[in-house]
Amino acid sequence: MALPPPRISILDRANARDGFPAADALNRVLERAQWAEELGYHRFWVAEHHAVPGIAGSVPAVLMAAVAARTHSIRVGSGGIMLPNHQPLVVAEQAATLEALHPGRIDLGVGRSVGFTPAVRDALHAGKQDAERFEDQVFELLAYLSGTASITARPRNDSATPVFVLATGSGIDIAARAGLAVVLGGPAVFRTDQNGRLPALERYRSQFRPSRWFQRPFVMVSANAAVAATSQAARELLLPEAVALARSRTTGEFAALAPVGPAEWAALTVREKEAVERSLASSLYGTASEVRTQVQHVLVASGADELLITGGAFDVAAQAESDRILAGLFPQDEHHSMDDRSGFVAPR
């Protein structure tokens with residue numbers, strides 16, 4: 001029997017564009033979420049970044065509320081909320097409130113990252129030492145969501161919201177011990193062993209303990225993606241973010257996305273160009289047939305249950321077209337439920 005097509009979802013970081021106000025980036029997130037729902041994407045997630053000139057998405061819970069209010073069926077989530085920056089009770093209350101307003105549609109992705117610079121970490125009152133408490137914070141959060149903590153988070157969630165752990169550092173092992181889904185992204189997705197597999201995910205599956213949230217391991221892999229009529233056009237769609245990221249490693253500031261033409265490319269240093277090429281090497285891009293092959297390769301190597309596409313583009317229209325083509329490569333059967341595909345134990 002033929003396997004069902006892989007679930008495809010979107011993570012939008014709310015990239016700012018040079019010359020446009022921050023509100024433009026946020027409104028484009030809402031428009032893209034509506035477009036993603038129309039195209040049949042499974043989830044639409046937003047992220048948390050603080051004091052980053054090139055990213056307008058700093059408060060996932062607020063943006064999730066706006067996305068959920070503008071859509072009807074697509075799942076809405078965070079990729080992710082950074083627990084070291086927040087009290088677990090507050091995160092639980094945010095998730096529970098969203099779940100109460102949009103039952104059966106909210107995902108909670110959590111991570112352990114702290115602010116990018118010392119000044120941001122100081123402003124958040126969250127340093128690198130706080131990231132070491134991530135596992136304790138995860139289990140505290142789960143206690144509030146399940147109603148097993150010393151106090152009851154309101155509104156009651158009763159484990160209704162699936163929890164995903166972003167696999168940075170020890171995140172994979174924490175997810176396995178907690179019985180949660182895991183999200184592996186970036187270059188790690190492409191670092192296979194001699195057998196073409198990802199050992200970290202094999203370890204996650206072998207150590208997984210069933211929980212109130214997931215009865216079996218659930219893996220989502222994420223990567224920047226772009227599809228266009230030619231490979232060069234797809235590459236150009238990813239260049240603005242790749243260049244901004246490369247420059248941030250020398251300037252300490254991730255800038256708003258700007259077009260990258262021949263003059264802008266020539267102005268990059270050798271080190272910056274090398275960083276751009278490394279970023280593109282960990283991306284999925286090309287024509288429809290090329291990206292289909294790339295996606296299938298990643299899914300086979302990882303054994304992933306779902307692909308989360310990321311990446312921001314300066315060319316909004318070209319990004320919308322890329323989303324359309326990618327969705328068409330793996331059309332979804334609307335009758336498949338989340339219970340059927342993820343192992344999430346929805347409360348009855």
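Here the structure is a predicted model, which means the values were calculated and not measured. The chain is numbered in sequence order, starting from 1.
- Between Arg177 and Glu135, at least one side-chain nitrogen of the basic residue sits less than 4.0 Å from a carboxylate oxygen of the acidic one, meeting the salt-bridge criterion.
- Side-chain atoms of Ile10 and Leu308, non-hydrogen and from C-beta on, never get closer than 4.5 Å to each other.
- Here the two rings, on Trp45 and Phe164, have centers that are under 6.0 Å apart.
- Looking at His49 and Ser58, their side chains never come closer than 4.5 Å, going by heavy atoms from C-beta outward.
- Evaluation of the side chain to side chain contact (heavy atoms under 4.5 Å, CB included) rule for Ser78 yields Pro60, Met64, Ile81, Leu108 as partners, not counting sequence neighbours.
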Evaluation steps, salt bridge (charged side-chain N to carboxylate O under 4.0 Å, His left out), between Glu306 and Arg43: CA-CA 10 Å; Glu306 188 168 335; Arg43 311 177 202 271; 2.8 Å; yes
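- Under the 4.5 Å side-chain criterion, counting only non-hydrogen atoms from C-beta, Phe314 is not in contact with Leu239.
- Formation of a donor-acceptor pair under 3.5 Å by the Glu272 side chain with backbone atoms of Thr269 is found in this model.
- Under a 3.5 Å cut-off, the side chain of Asn195 and the backbone N or O of Arg197 do not form any donor-acceptor pair.
- Rounding to the nearest 0.5 angstrom, the gap separating the OG atom in Ser302 from the CG atom in Leu184 is 8.0 Å.
- At least one donor-acceptor pair closer than 3.5 Å links the side chain of Gln319 to the backbone N or O of Gly311.
- In this structure, His50 and His86 have tilted ring planes: the angle between them lies in the 30° to 60° band.
- Looking at heavy atoms from C-beta onward, Val138 lies out of side-chain contact with Leu141 at the 4.5 angstrom threshold.
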Trace of the side chain to side chain donor-acceptor pair (under 3.5 Å) decision for Arg235 with Ser283: CA-CA 9 Å; Arg235 173 187 166 91; Ser283 302; over 6 Å; no
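- Under the 30°/60° scheme for interplanar angles, the aromatic rings of Phe208 and Tyr204 are found to stand perpendicular.
- Listed for the Ser282 side chain is no donor-acceptor partner under 3.5 Å among the backbone atoms of Ser279.
- Heavy atoms from other residues, nucleotides or ligands lying under 6.0 Å from CZ of Arg271 number 12 at most.
- A donor-acceptor distance shorter than 3.5 angstrom exists from the side chain of Trp213 to the backbone of Thr161, with no hydrogens or angles considered.
- Closest heavy-atom contact between Val114 and Gly127: CG1-O, 3.5 Å.
- Judged by distance alone, the side chain of Glu132 and the main-chain N or O of Gln129 form no donor-acceptor pair under 3.5 Å.
- For Gln207, the CD atom is densely surrounded, since the number of other residues' heavy atoms within 6.0 Å is greater than 12.
- Annotation: side chain of Leu284 is not in contact with side chain of Asn224 (no heavy-atom distance under 4.5 Å).
- Among all heavy-atom pairs drawn from Val189 and Ser222, the shortest one is CG2-O, 3.6 Å.
- With hydrogens and angles ignored, the 3.5 Å screen pairs no side-chain donor or acceptor of Arg75 with any backbone N or O of His42.
- Side-chain atoms of Val120 and Leu124, non-hydrogen and from C-beta on, do get closer than 4.5 Å to each other.
- A salt bridge does not link Glu93 to Arg154: none of the charged nitrogens lies less than 4.0 Å from a carboxylate oxygen.
- Side-chain contact between Phe330 and Leu307 is absent, with no heavy-atom pair separated by less than 4.5 Å.
- Contacts classified as salt bridge (Lys or Arg N to Asp or Glu O under 4.0 Å) and involving residues 17-42 (residues at least two apart or in different chains) are given here: Asp12-Arg32, Arg17-Asp24, Asp24-Arg28, Arg32-Asp323.
- Taking a 6.0 Å sphere around NZ of Lys273, one finds it holds more than 12 heavy atoms contributed by other residues, nucleotides or ligands.
- Because its NZ or CZ atom is not both nearer than 6.0 Å to the ring centre of Trp35 and within 45° of the ring axis, Arg70 does not count as a cation-pi partner of that residue.
- Arg292 contributes a side-chain N or O that, together with a main-chain N or O of Leu329, makes up a donor-acceptor pair within less than 3.5 Å.
- No side-chain donor-acceptor contact under 3.5 Å links Ser231 to the backbone of Gly286.
- The only member of Asp173, Ile174, Leu201, Leu166 that meets side chain to side chain contact (heavy atoms under 4.5 Å, CB included) when paired with Val182 is Leu201.
- Contact annotation: the side chain of Ser322 approaches that of Leu237 to within less than 4.5 Å [non-hydrogen atoms, C-beta and beyond].
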Derivation of the side chain to side chain donor-acceptor pair (under 3.5 Å) call for Glu290 and Gln294: CA-CA 6 Å; Glu290 289 170 339; Gln294 293 167 18; 5.3 Å; no
